[in-house]
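Single-structure report; data block below.
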Amino acid sequence: MPAMAHIGVGLAAKRIAPKINVGWLILASEFIEVIFMILWAMGIETIPTDATGSYSPYSHSLVMGVFWSVLAGGFVLWISKSQRTALIIGGLVFSHTFLDIIASPKIAFYAADTGMPLFFDRAQTIGLGLWRFETVAYIGEYGFVLLGLLIYLNERRKLKPSVPVP
Ligand SMILES: [Zn+2]
């Protein structure tokens, strides 16, 4: 359930990046989750639970969020030679961190969650804690996806060449 809202951000990005395939936009908004899954498979980070909270500093801390965003943006600049595309992808990667700061600590999902780590010190966290409340958390997750989907569909409609009326 958590981390769905990011998909909505990727979908909505179609509005500012109509030429980029939506799959890439969603991948960028979930890039930090992909990093997390790789690190989890390697045994470096752990799945968040009620008892542990969501402490995954290599993928999800603020400092590493900046790092992954710059890395992804730099890579895209290198292959696409487009500053605009690089900024959009880098920005989408950072939107994951930004959204998690607004949501964390996600107590509605993980009872012991303490918030987004700034870096590797578990005691130093940030977060507005909007996902402290279950209702807000669910409305937030589904709301973002729905809103993103509506924006995406609207953009697709605009992109389609208009069919001449016979
Ligand atoms: Zn995440």
Side-chain angles (χ1 to χ4, degrees), residues 1-17 20-76 86-149 151-152:
M1 190 54 43
M4 261 176 51
H6 306 292
I7 297 171
V9 178
L11 285 166
K14 192 75 179 168
R15 196 181 164 81
I16 54 162
I20 305 175
N21 185 293
V22 73
W24 291 114
L25 300 174
I26 293 174
L27 181 68
S29 67
E30 289 283 22
F31 184 61
I32 281 176
E33 222 61 61
V34 175
I35 300 285
F36 166 76
M37 277 177 220
I38 295 168
L39 293 173
W40 168 72
M42 289 165 72
I44 295 167
E45 293 199 325
T46 51
I47 297 258
T49 65
D50 258 343
T52 60
S54 62
Y55 179 70
S56 34
Y58 295 96
S59 58
H60 277 75
S61 66
L62 174 61
V63 174
M64 289 307 284
V66 173
F67 172 78
W68 296 121
S69 307
V70 171
L71 192 78
F75 179 72
V76 169
L87 271 175
I88 288 170
I89 297 296
L92 274 173
V93 174
F94 192 72
S95 78
H96 193 108
T97 305
F98 183 74
L99 218 63
D100 278 353
I101 289 173
I102 295 172
S104 297
K106 300 175 181 175
I107 294 169
F109 296 131
Y110 320 114
D113 203 13
T114 49
M116 284 266 294
L118 279 175
F119 204 17
F120 295 117
D121 186 348
R122 215 188 166 118
Q124 285 182 314
T125 59
I126 47 164
L128 299 179
L130 227 62
W131 273 212
R132 215 178 305 219
F133 317 101
E134 207 163 326
T135 320
V136 181
Y138 278 98
I139 292 174
E141 294 284 347
Y142 285 112
F144 261 97
V145 175
L146 193 67
L147 198 68
L149 192 65
I151 294 172
Y152 169 72

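Values below: all heavy atoms of this structure, side chains included; hydrogens, waters and symmetry mates excluded. Just so you know, ligand 1 is whichever comes first in the structure, and atom 1 is the first atom listed for that ligand.
Side-chain contact check for Ile35 versus Tyr58: every heavy-atom pair is 4.5 Å or farther apart. You'll find the side chain of Phe120 reaches within 4.5 Å of the side chain of Met64, heavy atoms only.
The environment of OH in Tyr55 is crowded: more than 12 heavy-atom neighbours from other residues, nucleotides or ligands sit within 6.0 Å. Other residues, nucleotides and ligands contribute at most 12 non-hydrogen atoms within 6.0 Å of the CZ atom of Phe75.
Ordered by chain and number, Glu33 OE1, His60 NE2, His96 NE2 make up the set of protein N, O or S atoms under 2.8 Å of the Zn ion (ligand 1).
Of the N and O atoms on the side chains of His96 and Glu33, at least one donor lies less than 3.5 Å from an acceptor on the other residue.
Because its NZ or CZ atom is not both nearer than 6.0 Å to the ring centre of Tyr152 and within 45° of the ring axis, Arg15 does not count as a cation-pi partner of that residue.
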